[in-house]
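Naming convention: chains lettered A, B, ... in sequence-line order (proteins, then strands); numbering from 1 in each chain.
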Amino acid sequence: MKKLLLPFNDTKYSIYYYEDIVSFVKLLKQRPSKIWGLDIETAKAHSDTRAGLDPYLSKIRLIQLYDGDGNIFVLDCLNLAYPDFKDLRLWITDKKFIAHNAIFEITHLELLDFKDMDITCSMILGIMCDRAERSPYDGDETVSYKGFSLQALAKKYLSLDISKTLQVSDWNSPVLTDAQISYAAIDTIVCYDLALKLFKKIKKYNMLKSYKLFKRMLHVISEMQLNGMEVDKNKHTYLIQRWKEAESTAYLKCCKYFKDINLNSPKQLATWLANNPRFKNILSAWPKTPSGSYTFNRSEISDFIRIPEIAALMHYKQYSKLLSTYGEGLTRHLNPVTGRYHTQFNLAQVRTGRLSSSKPNLQNMPRDNAVRSMFCLNPANKCKYIVADFSQIEMRVAGALSKDSYMLKAYTNGDDLHTLMAAAITHKHPSAVTKKERQLAKAVNFGFLYGMGAKKFITYVKTSYPDPITEEEAYRIRGIFYETYAEYIAWSNQQRIKAEKLGFTRTPLGRLRKLASDEIYTKAVNTPVQGGAAEVLFISMIRLRNNIKRLGYKAKLASCIHDEVIVECKDWDVDAVTKLVEESMVFGMLKLFPDAPVNGLVEAHSALSWADAKL
DNA sequence: CTGGGGGGCGCG
DNA sequence: AAAGCGCGCCCCCCAG
């Protein structure tokens, strides 16, 4: 044991540094604190560049615990054996912790078998406060404040400057310097103080329910991130080969029309268009980007898509997109230890309360069967993917929130709202509605739900429907939407009035989103609906994970895509867990909206691959 | 050489 | 008066 004195922020702290876990735990037990600041330092355990950050490529070097009363206990794990942690695990079970970016601590500690720790995340508190206090239109008064790192939030909320220069120091070094140990200790103090301050704000803003849901999600996310998604690399390689061939064919065709032009440069394309005599007569009708240059956005220029030059260009862009985003580049995210994609799920970042996914983003994989079938389990492991979807979750949440009797009646009867809308537009009986008409109605429902204008609807239809519609027709259809969902429209207007008065809107569980005045018309309506759908999903996933653990099934969450969950499950438990998934999702809906109709709410299937489990 | 904005596009 | 929403990642291009 080594004791260090740490003067920091006008206070004197004591650091107790241990290399022996028995005395470490013995001392911890003497402290009365129930809430502890927690941080870990990790060292590289692999040559990969991500080593030190990725739980599979790192080893924990230090565990730092702050008792909230001037004492920091630091355990150096360099020379500890795995079974040693038993006493620490036991000590941890009835304590609460505070960490910054708790997902990092949870995922790393999970691999040492520290399960379901009660951790508050100061980063999530910080993001939630930010979303409540600042719309993107507000800018940011704190110039140096950027992102939600501990350093940034310490400066913003505690007016503290903490150095991060030692973070990248060598945590593999056999002997750590006093400066390194002090650096490691400071983070626990700062995140402890930060969380106390931010937690008061959360209560003041009435966001406790919402925060508690996020907190419970930490373990769900940790499970998904650690589990990851398995891919069949051969399928991917084959796919890339096919895309490359298609791209080069398309490129050769483009060469006839575009001389010395980078097809990936919108700027060069715009110049080419402006100077091409063939386009002289239609140039005035060519749509433009917000900043005023000619656009080559596929959905904006659907009027000109039949012109050979444009058709060739679009064909090239299609494969160029696939190759650049879903080609070879994707594989750099494969984990060298597990061979899987361990996506990062970002909690609380999205203003409506959804999750987002990055490195790689698994939430925007092409719907293409060939792509999704590369997410495929090895049959030798005797596992299946269970894929379950909410059916039309946002429409259902819209109905539940507004209590629109037309929507609720349809869901109660098991009717399809898109088919009903198609029937209303065409004056047909629902049973006579064609596939094409339903497709248009789908665009009607999705578009007008959040206040789309008739004009935009025309271009929107062009992308999702084969035949164009006239302006007159667009206004007529908009009228039908407003009549059909009159109660929903009334609720929408109420939401707008409320948001105008308060300057913010909330999700059903109370997550606050500040809105600038010109955001209100659409976002005051969208946020409760999209946010409500996210909250339903969160409740469902928490329930599902708890029940899988409680009942001892061999299954783990693998991913989620806004209204869809993917579970990896041992063959012999697939039937039982599929039922559990369905039950959990219905439970999530009813927990948030007790009166919601739930027939046809969930669809679930299982198979070796993501593609096959969707059928 | 890096960072950031714009344009574009994949998903829900 | 008019207004779909929510993301992340790719490439280009320009500023520092």
Exercise for the section: Using whole Å, report how far CZ of A:Phe448 lies from P of C:dA2. Expected result: 14 Å
Problem - A:Lys498, NZ atom: more than 12 neighbouring heavy atoms under 6.0 Å - result: no
Practice task
Establish, with yes or no, whether the OP1 or OP2 oxygen of C:dG8 is under 4.0 angstrom from a side-chain nitrogen or oxygen of A:Ser356.
Solution key: yes
Completion exercise
Between CZ of A:Arg131 and P of C:dC7 the distance, given in whole Å, is 8 Å
Fill in the blank from the handout: note: A:Tyr341, atom OH; C:dC9, atom P; distance rounded to Å ~ 13 Å
Exercise for the section: Take the protein atom OH of A:Tyr316 and the nucleotide atom C1' of C:dC10, then report the distance between them rounded to whole Å. Expected result: 11 Å
Handout entry: Phosphate OP1/OP2 of C:dC10: any A:Arg332 side-chain N/O under 4.0 Å
Key = yes
Practice task
May I ask you to verify if any side-chain N or O of A:Ser265 is less than 4.0 angstrom from the OP1 or OP2 atom of C:dC13?
Solution key: yes
Practice task
Could you list all the salt bridge (Lys or Arg N to Asp or Glu O under 4.0 Å) pairs where at least one residue sits in residues 296-307 of chain A, not counting sequence neighbours?
Solution key: A:Asp303-A:Lys462
Practice task
Measure the distance from OH on A:Tyr450 to C1' on C:dA2 and round it to the nearest whole Å.
Solution key: 20 Å
Practice task
Using a cut-off of 6.0 Å, state whether more than 12 heavy atoms not belonging to A:Lys317 lie near its atom NZ.
Solution key: yes
Exercise for the section: Select base, sugar-phosphate, or nothing to describe what A:Ser357 touches, counting heavy atoms under 4.0 Å on all strands. Expected result: sugar-phosphate
Fill in the blank from the handout: Picking from C:dC10, C:dC12, C:dC5, the nucleotide nearest the side-chain atoms of A:Thr522 would be C:dC5
Exercise for the section: Answer yes or no: is there an ion pair linking A:Arg340 with A:Glu568, defined by an N-O contact shorter than 4.0 Å? Expected result: yes
Handout entry: Sugar-phosphate, base or nothing in reach of A:Asn346, heavy atoms under 4.0 Å
Key = sugar-phosphate
Handout entry: Out of C:dC7, C:dC12, C:dG8, whichever nucleotide has its closest atom nearest the side chain of A:Asn264
Key = C:dC12
Practice task
For residues A:Glu487 and A:Lys403, determine if any side-chain heavy atom of one lies less than 4.5 Å from a side-chain heavy atom of the other.
Solution key: no
Practice task
Enumerate, in order of first residue number, the stems that involve DNA chain C, defined as 3 or more consecutive Watson-Crick or G-U wobble pairs with both distances under 3.5 Å.
Solution key: B:1-12 with C:5-16
Practice task
Quickly work out the A:Ile520 CD1 to C:dA2 C1' distance and round it to whole Å.
Solution key: 15 Å
Practice task
Verify the ring-centre separation between A:Trp272 and A:Phe279: is it less than 6.0 angstrom?
Solution key: yes
Problem - Stepwise side-chain hydrogen bond (donor to acceptor under 3.5 Å, both in side chains) check, A:Ser265 with A:Asn262 - result: CA-CA 5 Å; A:Ser265 164; A:Asn262 182 346; 5.6 Å; no
Problem - Any A:Asp232 side-chain heavy atom under 4.5 Å of A:Phe375 side chain - result: no
Practice task
Flag the pair A:Phe345 / A:Ser559 as yes when at least one side-chain heavy-atom distance between them is below 4.5 Å, and no otherwise.
Solution key: yes
Practice task
Could you encode protein contacts along nucleotides 6-12 of chain B as a string, one character per nucleotide from 5' to 3', using B for base contact, S for sugar-phosphate-only contact and - for no contact, with a heavy-atom cut-off of under 4.0 Å?
Solution key: SSBBBSB
Handout entry: Aromatic ring proximity, centroids under 6.0 angstrom, A:Trp243 and A:Tyr238
Key = no
Handout entry: Protein-nucleotide distance (A:Glu247, atom CD; C:dC11, atom P), rounded to Å
Key = 11 Å
Handout entry: Length of the CD1-C1' vector between A:Ile458 and C:dG4, whole Å
Key = 15 Å
